[in-house]
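Inspection log for the structure reproduced underneath, given as structure tokens.
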Amino acid sequence: MNFYRKRTWERVQQAWGREMEEIPFAQLEKNFVSMMRREDWILDDQTWNDLEMNSVYQKLNRTYSDPGQQCLYNMLRIQQFNREELQRRDRLITFFQMNPEERNTVNCVLDSINKEEADGMASLLFRGIGTMPACQRWVTPCAVGMLLALVSIPLLKWFSLPLILFFFIVNGLLNHQMNVAMDAALIGIRSIGRLLTAAAELARLNYPELAGYNEIFREAGERCHPLKRKMRALGTKVEDPLGLSEYLQVLFLTDARQLKRSLQEIEKQTPVLKTLYRSVGELDAFQAMASVRRGLKHWCRPEFTDKPRCLRAEELGHPLLVQPVCNSIIVEVKNVVITGSNMSGKSTFLRTVGLNALLAQSFATVMAKQYETSFFAVLTSISPGDNLMNGTSYYLAEAEALLRMVEMVQQNRSVLLIIDEIFRGTNPSERVAAASALLSYLNGKNCLVMVATHDVQILRYVREQYDEYFFEEQVSRTELTFDYLLKKGRIQHPNGIRLLEYLGYPAEIVERARQLAARTVPEEDA
């Protein structure tokens, strides 16, 4: 196979630094569940959805192969707490950044695996071969029976014809049943064949920076050589205008027997093939992240500290935004409460913090000019939703999302807790009381808390434990503007009622709202 055809080379060059096609997430999630290990620290579904990680993945996915797109997904879902492993990943991402010729060569090889038949290979390796038709046990005996029937012609003469006819009918039925199984399995088998071929080519390149992977590729090639030989003839079509080869295939069940042998060999070599799948996938994911780094406005490598709860970020931005407004923050002694109105930037900032914490602990890449952090398990409660089918109210869903945080901080691991509009699903007095109690409880635990709220009354109960930040907008009778800049301190001029005036509410409503607000807001918070 020619991996360096001009068109392929030009295509991978043009694709560098660009996003690729949409991905079927249901397939990635299904494979991930089959691939994850008990010791992995998994990002839960609530946090994944709160941080809009499907959209993030779509932007990061610059992979060429099925193993690559799957491993990229897996790495985003599994938080890494090993400094040496993150340094190793960074070295490989940097290798692909700094060496365009080697990168393009590797990408051409990865492109030969492709994603067109994506689910077959991962399904075979991680979800099992599945149940073959019960008739498969008769494939070899019936093929031998047909051979013996033909060989018996000189001995039995015309009496051998009924025997030949019997095996012709039986073998035809067997061939039909096995073809159904073959159609389902052949996609995965061919993908495994391309994976082995690509691994052999990557080993032949023998780049010193990929030394650890080269050993895996060579071992897989040696161990799986019998498998490659068995797969070579599977499903191969022979030029035959008369169609005789088709009849011979039916008579002797050659494809069915070859399928059975190939699947048996795949089952035997599954541990080797799983390691190979992950190794090729990692390289593809690393070159994809090198491409992502190229497209960021700015980025840096995180500096990990042994402090239990530290986050220092300068010019921190959100990778999904075309023109992000970047903010700086330092959190070491106290936790953080952020106030501000809707649309002012609170939720986006919380997602920015959470997403960059994940990227730091998966690919040693942060969209910031400087970033120092502890190792954190990340948990969020930003968009818990009610569930009509399960009879779950919004408040119950939110309370359950926050309860998992309470349970998490009991474990021996630093946790980054990100909460948007805490207890918004209940009445104001109980919301303030419950939120204040929860935030005071979390303050004494091994966690760093960032919470956004409209309720400035909460600050009366937690101001000794939490630093105050705010976002604000400028509202006039004719204009509404946001600067999306995080400011230290407490918001001085709430704009909720002024926003009603801007939108054109009747003056009677606006004035009455001002009067009521002046009565109900405590003097110290006015």
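Note: hydrogens, waters and symmetry copies are ignored here, and every other heavy atom, side chains too, is used. Note that the structure is predicted; figures quoted are calculated from it, not measured.
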Checklist line | Expected output: side-chain Thr453 to main-chain Ile422 donor-acceptor under 3.5 Å | finding: no

Check: Hey, mind stepping through Gln70 and Asp66 against side-chain hydrogen bond (donor to acceptor under 3.5 Å, both in side chains) and telling me if it holds?
Finding: CA-CA 6 Å; Gln70 186 65 58; Asp66 168 39; over 6 Å; no

Notebook entry, point to check: Between NZ of Lys487 and CD1 of Ile338, what distance do you get to the nearest 0.5 Å?
Noted result: 12.0 Å

Next item on the list: Any chance you could measure Ile418, atom CD1, to Phe349, atom CZ, to the nearest 0.5 Å?
Entry: 9.0 Å

Checklist line | Minimum-distance pair of heavy atoms, taken over all atoms of Pro319 and Leu355 | finding: CD-CD2, 3.5 Å

Note to self: What I'd like to find out is whether the side chain of Asp306 reaches to under 4.5 Å of the side chain of Phe375, using heavy atoms alone.
What the structure shows: no

Checklist line | Steps toward side chain to side chain contact (heavy atoms under 4.5 Å, CB included) verdict (Ile189, Leu263) | finding: CA-CA 8 Å; Ile189 293 172; Leu263 290 176; 3.8 Å; yes

Note to self: For a ring-ring contact (aromatic ring centres under 6.0 Å, His included) check, start with the C-alpha distance between Phe81 and Phe376, then their side-chain angles and the critical distance, and finish with the verdict.
What the structure shows: CA-CA 8 Å; Phe81 297 89; Phe376 288 116; 9.3 Å; no

Note to self: Under a 3.5 Å threshold, yes or no: a donor from one side chain and an acceptor from the other, between Asp44 and Thr47?
What the structure shows: yes

Margin query: Looking at Tyr57, I'd like to know if the NZ or CZ of Lys59 sits under 6.0 Å from its six-membered ring centre while staying within 45 degrees of the ring's axis.
Written below: no

Check: How far apart are the closest heavy atoms of Ala198 and Val109, and which atoms are they?
Finding: O-CG1, 3.5 Å

Next item on the list: Apply the test salt bridge (Lys or Arg N to Asp or Glu O under 4.0 Å) to residues Glu282 and Arg88: give CA-CA distance (whole Å), side-chain angles for both, the deciding distance (0.1 Å), then the verdict.
Entry: CA-CA 12 Å; Glu282 283 183 9; Arg88 183 189 74 87; 3.3 Å; yes

Margin query: Check this for me: Gln410, atom CD, are more than 12 non-hydrogen atoms of other residues, nucleotides or ligands nearer than 6.0 Å?
Written below: yes

Margin query: Assess, by modelled atom type and distance only, whether the side chains of Arg89 and Asn82 contain a donor and an acceptor separated by less than 3.5 Å.
Written below: no

Checklist line | Electrostatic pair Arg91:Glu209 at N-O distance under 4.0 angstrom | finding: no

Check: Where do Thr339 and Lys346 come nearest, in terms of heavy atoms and distance?
Finding: C-CD, 3.6 Å

Next item on the list: Rounded to the nearest 0.5 Å, what's the gap from CG on Leu276 to OG1 on Thr270? Could you check?
Entry: 12.0 Å

Item checked: CA sep, side-chain torsions, deciding dist, call: Trp299, Phe363, ring-ring contact (aromatic ring centres under 6.0 Å, His included) -> CA-CA 12 Å; Trp299 69 273; Phe363 296 107; over 10 Å; no

Margin query: I'd like to know if the side chain of Gln361 and the backbone of Gln80 have a donor-acceptor N/O pair within less than 3.5 Å.
Written below: yes

Next item on the list: Check whether the ring centres of Tyr277 and Phe126 lie less than 6.0 Å apart, and answer yes or no.
Entry: yes

Checklist line | Donor-acceptor contact below 3.5 Å, side chain Asn327 vs main chain Leu316 | finding: no

Check: For Arg309 and Ser414, what are the C-alpha separation, side-chain angles and deciding distance, and is it a side chain to side chain contact (heavy atoms under 4.5 Å, CB included)?
Finding: CA-CA 7 Å; Arg309 46 193 305 279; Ser414 295; 5.5 Å; no

Notebook entry, point to check: Is there a side-chain contact between Arg223 and Glu219, using heavy atoms and a 4.5 Å cut-off?
Noted result: yes

Next item on the list: Give a yes-or-no answer on whether the side chains of Asn74 and Arg278 include a donor-acceptor pair shorter than 3.5 Å.
Entry: no

Next item on the list: Output yes when a side-chain donor or acceptor of Asp90 lies under 3.5 Å from a complementary backbone atom of Leu86, and no otherwise.
Entry: no

Check: Got Lys369 and Cys300 here, is their nearest side-chain heavy-atom distance under 4.5 Å?
Finding: no

Next item on the list: Nearest 0.5 Å please: distance from the CG atom of Leu283 over to the CG atom of Leu202.
Entry: 7.0 Å

Notebook entry, point to check: Sub-3.5 Å donor-acceptor pair from the side chain of Asn214 to the main-chain atoms of Tyr207, do we have one?
Noted result: yes

Next item on the list: Determine, for Asp45 against Arg77, whether the closest basic-nitrogen to carboxylate-oxygen distance falls under 4.0 angstrom.
Entry: yes

Notebook entry, point to check: Would a distance-only check, ignoring hydrogens and angles, find a side-chain to backbone donor-acceptor pair under 3.5 Å from Gln46 to Thr380?
Noted result: no

Check: So how far is it from Ile419 CD1 to Leu439 CG, rounded to the nearest 0.5 Å?
Finding: 6.0 Å

Next item on the list: Nearest 0.5 Å please: distance from the CG atom of Leu72 over to the CG atom of Leu76.
Entry: 5.0 Å

Note to self: Suppose we screen for salt bridge (Lys or Arg N to Asp or Glu O under 4.0 Å). Which residues come up paired with Arg103, at least two apart in sequence or across chains?
What the structure shows: none

Item checked: Pairs where residues 316-342 contributes a residue and the test salt bridge (Lys or Arg N to Asp or Glu O under 4.0 Å) is met, not counting sequence neighbours -> Lys307-Glu332, Arg312-Glu332

Checklist line | Tyr213 side chain near Leu92 side chain, heavy-atom distance below 4.5 Å | finding: yes

Check: Can a salt bridge be assigned to the pair Arg404 and Glu407 using a cut-off of 4.0 Å between side-chain N and carboxylate O?
Finding: no

Check: For Gly340, does its backbone N or O pair with a side-chain atom of Ser344 as donor and acceptor, under 3.5 Å?
Finding: no

Checklist line | Stepwise side chain to side chain contact (heavy atoms under 4.5 Å, CB included) check, Leu438 with Leu402 | finding: CA-CA 9 Å; Leu438 177 61; Leu402 293 170; 4.1 Å; yes

Next item on the list: Would you mind reporting whether Pro324 and Met367 have side-chain heavy atoms less than 4.5 Å apart?
Entry: yes

Checklist line | Evaluation steps, side chain to side chain contact (heavy atoms under 4.5 Å, CB included), between Met450 and Leu311 | finding: CA-CA 11 Å; Met450 282 195 181; Leu311 179 63; 3.8 Å; yes

Check: Are the side chain of Asp50 and the backbone of Ser383 linked by a donor-acceptor contact shorter than 3.5 Å?
Finding: yes

Next item on the list: May I ask you to check whether Thr348 and Arg351 show a side-chain donor-acceptor distance below 3.5 Å?
Entry: no

Notebook entry, point to check: Is a side-chain N or O of Asn356 found less than 3.5 angstrom from the main chain of Thr352, in a donor-acceptor match?
Noted result: yes

Notebook entry, point to check: Should Cys447 and Leu416 count as side-chain neighbours, where that means a heavy-atom distance under 4.5 Å?
Noted result: no

Next item on the list: Test Arg194 against Ser191 for side-chain hydrogen bond (donor to acceptor under 3.5 Å, both in side chains), laying out the working first.
Entry: CA-CA 5 Å; Arg194 288 195 295 271; Ser191 295; 3.3 Å; yes

Check: Among side-chain atoms of His298 and Glu315, is any donor-acceptor pair under 3.5 angstrom?
Finding: no

Item checked: Option among Gln287, Arg294, Arg293 that satisfies the side-chain hydrogen bond (donor to acceptor under 3.5 Å, both in side chains) test with Gln97 -> Arg293

Notebook entry, point to check: What pair of heavy atoms forms the shortest contact from Ser374 to Phe304, and how long is it?
Noted result: O-CD2, 4.4 Å

Margin query: A side-chain contact here means heavy atoms from C-beta on lying under 4.5 Å apart; do Arg424 and Glu398 qualify?
Written below: yes

Item checked: Heavy-atom closest contact (Val406 atom, Tyr441 atom, distance) -> CG1-CE2, 3.8 Å

Check: Are Ile113 and Tyr64 side-chain neighbours, meaning at least one heavy-atom pair lies under 4.5 Å?
Finding: no

Next item on the list: Indicate whether the side chain of Asp284 and that of Thr63 have a donor and an acceptor atom separated by less than 3.5 Å.
Entry: no

